[in-house]
Amino acid sequence: MDKRFPQYDELDLPKVGEEVLKQWEAEDTFGQSLELRKGAPPFVFYEGPPSANGLPGIHHVMARAIKDIFCRYQTQKGHRVDRKAGWDTHGLPIELGVEKELGITKEDIGKKISIEEYNAACKKAVMRYTDVWNDMTRRIGFWLDLEKPYVTYHTKYIESVWHLLKKLYDEDLLYKGYTIQPYSPAAGTGLSSHELNQPGTYKPVKDTSAVALFKVKPDHASEFLFKDAFGDVFIMAWTTTPWTLPSNTALTVGPKLDYVRVKTFNPYTHEPQTVVLAKARLNAYFRPDQEQPMHAILSGALGVAEEDAFANYDKNGKLIPWQIIGEFYGHQLEGVRYEQLLPYATPEGGGDAFKVIGGDFVTTEDGTGVVHTAPSFGADDQRVARQHNIGSLTLVDLRGRFKPEVTDFAGEYVKAEYYTDGERAAEAIKQGRDKYLSVDERIAIKLKTEGRAFRVEKYEHNYPHCWRTDKPVLYYPLDSWFVRVTAKKDRLIALNKTINWKPESTGTGRFGNWLENLQDWNLSRSRYWGIPLPIWRTAEGDEELCIGSLKQLKEEIAKSVKAGVMAADPYASFKADDMSDANYDTVDLHRPYVDNIVLVSPSGKPMKRETDLIDVWFDSGSMPYAQWHYPFENEATFKEKFPAAFIAEGVDQTRGWFYTLHAIATLTQDSVAYRTVVSNGLVLDKVGQKMSKRLGNAVDPFKTLDQYGADAVRWYMISNASPWDNLKFDAEGITEVQRKFFRALFNTYNFFALYANIDGFEHDPSFLRWTPGSTEPANPALTELDRWVLARLNLLLIECDKAYSDYEPTVAARAIQEFVVEDMSNWYVRLNRRRFWKGEQGDDKKAAFQTLYRCLEVVAMISAPIAPFFSDRLYRDLTGKSVHLSNWPVQPAATVSGSEMVSAMRMIVFVSRCRR
RNA sequence: AGUCCUGUAGCUCAGUUGGUUAGAGCGCUACACUGAUAAUGUAGAGGUCCGCAGUUCAAAUCUGCGCAGGACUACCA
């Protein structure tokens, strides 16, 4: 018997995947598919670089499948789709991993270990899992050029980034400023706002909150507060960060808010006192049933009951009497002076500290309506203090510890989380307690005993955490370089409106709102392993130079050597204008090498490099240019491949890569960086919980691929939910996909192969030369059922074409599945079995074979983007060629009459079903 | 607190521009079939389409207000 069409005993998807993969590798099918489209119009795809520092998870399978689907589809549609892999190699995740491995902290770098050795360790560590990543990429069938990836630490890549920075600098879009920024003491660096906007950074925490009492100084401005005062007069201010209280230099009130003076007792010392707070916040701190009527005072006749309440106050009881003895507006408080709460130091830079000022950001939603203002540790605080010429007190160092001036707590971390468990235990012994008390708690105790606390309690709120170290972030004053993105806000918004977002709401909502509230991009990172900021400055900061290329750097070094500032050119071996890799390999632009370069200013002064590195997000946002070493090389390639037609990453990249691509493209090219962006949702476990190592519900991608095969996993992920919906990952769903879709397709093929081999079937395309729904006559041998299934197939083809080109793979997958399981397998094959069995040859039999062949062939082609392995096997078994080298099936134009045809045929099927 | 997404059968999800009695698969019950089928077919049970109000001849669908879950934002003292 002729075995032209291979028959199989059973369906083993993992085995099919493995065999097809070997075939691809043996004959370089990917390379062939690119070769085939050489000179064809390009479809530009950008691969977002993963960090090879961590292991891939199941969500990466999802993300990579989505990318692959549209690249394969566009290839079938006749486009050339180059896909260059990339690696994100710099930044905190790598540095922290290396620190942990070497058992050092940031402080040790440059001391216990040289920067050179440290960076070498980072470089070595970063590509640690590339093999695992490459393996996963291959096994899920994601075609990507892994041989020539772009790598962000390569000299050429860095040179391109420097060029972009210089371009920004020349257009006055790069500046240095001193501002309060999110700062991670654990990581030892400031953070950008989009790093703080990574998922999971804001976490609910319980902190010690305190309402502190600031003692008012009697003078002309505060005179009205002392009328009929009961004991000393205090202003109440709430804080969730008592460690900032030693740095307090002002109190801020809302000028238009109502405030009151309240006569009462201190709840801890039981001393008589008069406190000031916003009227709207009274019930938060005072029990209504303990209020003593105010009219007694106004009338001048003290009531007996009131006399009793204050005179008979029980120090051991919980009930504290109180009475409003004055009401006024916030602006009346402005200028009132108070005693420094914790007088450890005097404010830096002078200024007129320790007084009440007005600020429009004050609310009465919580707290006391008076904001404790520490200009060093709050952005609002700094701004308002600057306006009122009030100095600041930065009593915490860069590692998050109190400075020596804060005698009681000198050298201690301000957040307990910065200690390891062991260190905390040691501190507890030092404190002479069996349990460690944080500085927040001890400051609160100190305030209580000194009569400077009104209330101390635990308060649960969301607090930002460093996305890498998981430790709380502090707001800290830092000198940093910024990209002035706010200057181009309108363009960013306008260009965003031209981008096709999938789903649309991410672009208009999440991303659009983000652009509306744009802040300048903090580029500075005080670290070691990253792209150095190419700016050299004199000590006074009056002259500076931004370097945009190695050639320029060489020229400046030559000037410096000539002027005698530098002894020799450390990059002497590098030849400008020689673009060979060998030439570029002689240069390392990382620290510490660039730090050793001292340039000379026009006036002859030495200029040193600003020691900061740049935010790694700038690295990845630069990939459209730097992956081609543009503008130094490949200008034509860059121009052809910018902007991208399509990118896809997780929705968590909205403020990450999607943003940095958009920002850099808008600022440097006045263009979008991508025309369509698919932001896929999260992969959750089967009960809808986020997967994490901690919960132990993470799914191992390799095990899953081994067990089910890449096709089933991909088909399941795509058919189950739209890419942007969160996917509840349930392995049983994959089994179902295997059983339903793949088995039906497999069985249909096997049925076909069995009889085709018996009968020596030959494919004859001319036999079917007919357009469903058209007026041309069909081959009379085609039965109504043949024509029906061909019409259905035609509609399916049109639907899938539209779905793929609209980036709706789920619609395509579901339609194909429906056709295969219902129309083709259940109905067409079942109702036509006898035509395949019967002995005599003839046009009727031929019609059945040609029709089924056509169905299988088209199904293989249109499911190829989603299930690249099985579809390739099927197509090869039918035609002997790879489906990935095929063209998308030509679809006949008619659709309307086709659909009429389908509904008519539905009826026929219905009737035959009844007859059966 | 704000922005966005989601809410339809026990589970996973369809449901076009509003339009007969709201659907599929899985699971469940019963029967049938089994010459490609670790299948399949037929029948059945199972729904306050998250709630309330509105627009309309007509609302799962449109509008408003809520509720629940999720993601994201926030200088929150």
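Here is how names work: the chains are called A, B, and so on, in the same order as the sequence lines, proteins then strands, and each is numbered from 1.
Candidate nucleotides B/A39, B/A77, B/U12 were compared by shortest atom distance to the side chain of A/K728, and B/U12 ranks first. Out of B/C26, B/C13, B/A36, the shortest distance to the side chain of A/E736 is found at B/C26. Side chain of A/N747, nearest nucleotide from B/U12, B/U37, B/A74: B/U37. With distances taken from any side-chain atom of A/Y755 to the nucleotides B/A77, B/U12, B/A36, the minimum falls on B/A36. For A/N726, the listed nucleotide lying nearest its side chain is B/G70; candidates were B/G70, B/C13, B/A36. Considering only the side chain of A/W514, B/U73 comes nearest among B/U73, B/A77, B/C13. When distances run from any side-chain atom of A/V829 to the nucleotides B/A38, B/A36, B/C13, the shortest one goes to B/A36. Of the candidates B/G25, B/U12, B/C76, the closest approach to any side-chain atom of A/Y475 belongs to B/C76. Looking at the side chain of A/K740, the nearest of the listed nucleotides B/C13, B/G70, B/C26 is B/C26.
The same atom, P, is picked in B/U8 and in B/U48; the two are 11 Å apart, to the nearest Å. Taking atom P in both B/A60 and B/C50, the straight-line distance is 10 Å, to the nearest Å. Between B/U40 and B/G47, the distance separating the two P atoms is 26 Å to the nearest Å. Using C1' as the reference atom, B/C57 and B/A43 are 37 Å apart when rounded to the nearest Å. B/U16 and B/A59: their C1' atoms are spaced 16 Å apart (whole Å). Using atom P as the reference point in both B/A39 and B/G64, the two lie 49 Å apart (nearest Å). When the C1' atom is used for both B/A74 and B/A14, the distance is 38 Å, rounded to whole Å. Taking atom C1' in both B/U34 and B/G15, the straight-line distance is 35 Å, to the nearest Å.
In this structure B/A38 sits in no base pair that meets the Watson-Crick or G-U test at under 3.5 Å. For B/U21, there is no paired nucleotide, since no Watson-Crick or G-U wobble pair has both relevant distances below 3.5 Å. Across the strands present, B/C26 finds its partner in B/G10; the criterion is a Watson-Crick or G-U wobble pair with both atom distances under 3.5 angstrom. Here B/G69 sits opposite B/C5 as a Watson-Crick or G-U wobble pair (both hydrogen-bonding atom distances under 3.5 Å).
For the ring-ring contact (aromatic ring centres under 6.0 Å, His included) test with A/H662, the passing option among A/W657, A/W521, A/F511, A/W514 is A/F511; the others fail.
Protein atom CZ of A/F658 is 17 Å distant from nucleotide atom C1' of B/U73, rounded to whole Å. Between the P atom of B/G25 and the CH2 atom of A/W715 lies a distance of 18 Å, rounded to the nearest Å. Taking atom CD on A/E516 and atom P on B/A74, their separation rounds to 14 Å, with Å as the unit. As rounded to whole Å, 18 Å separates atom P of B/G25 from atom CD of A/E732. For the pair A/R833 CZ and B/A39 P, the interatomic distance rounds to 16 Å; values are reported in whole Å. Rounded to whole Å, the distance from CG on A/L745 to P on B/A39 is 17 Å. Rounded to an integer number of Å, the gap from A/F729 CZ to B/G70 P is 22 Å. For A/F741 and B/C13, the CZ to P distance is 20 Å, given to the nearest whole Å.
Note: A/Y476 and A/F377 have tilted aromatic rings, judged against thresholds of 30 and 60 degrees for the angle between ring planes. The aromatic rings of A/F214 and A/H372 lie parallel to each other, their planes meeting at an angle below 30°, with 60° marking the opposite boundary.
There is a side-chain donor-acceptor pair under 3.5 Å between A/S438 and A/E441.
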Within the sub-3.5 Å range, which N or O atoms of nucleotides 2-8 of chain B have a protein N or O partner, and how far apart are they?
residue : atom : partner : partner atom : Å
B/U3    : O2'  : A/N513  : ND2          : 2.5

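Checked against the 6.0 Å centroid threshold, A/F729 and A/Y716 count as a close aromatic pair. Aromatic ring centres of A/F5 and A/Y749 lie farther apart than the 6.0 Å criterion allows. Residues A/F658 and A/W501 bring their aromatic ring centres within 6.0 Å.
Contact between the side-chain N/O atoms of A/R814 and the OP1/OP2 oxygens of B/A14 is found at a separation under 4.0 Å. Put simply, A/T239 has no side-chain N or O that comes within less than 4.0 Å of OP1 or OP2 on B/A77.
By the side-chain contact (heavy atoms from CB on, under 4.5 Å) test, A/P14 is found to be paired with A/D12, residues two or more places apart in sequence or in another chain being considered. Judged as a ring pair (Phe, Tyr, Trp, His ring centres under 6.0 Å), and not counting sequence neighbours, the contacts of A/F454 are A/F286.
In terms of position on RNA chain B, the residue among A/S825 and A/L727 whose nearest nucleotide sits closer to the 5' end is A/L727. Residue-to-nucleotide proximity on RNA chain B shows that, of A/A237 and A/S719, the 5′-proximal contact is made by A/S719.
Contact of A/R739 with B/U37 (side chain to base): no donor-acceptor pair of N or O atoms is detected under 3.5 Å.
The existence of a salt bridge linking A/K802 and A/E799 is excluded, since no basic side-chain nitrogen approaches an acidic carboxylate oxygen closer than 4.0 Å.
At a threshold of 4.0 angstrom between heavy atoms, the contacts of A/T654 with the nucleic acid are absent.
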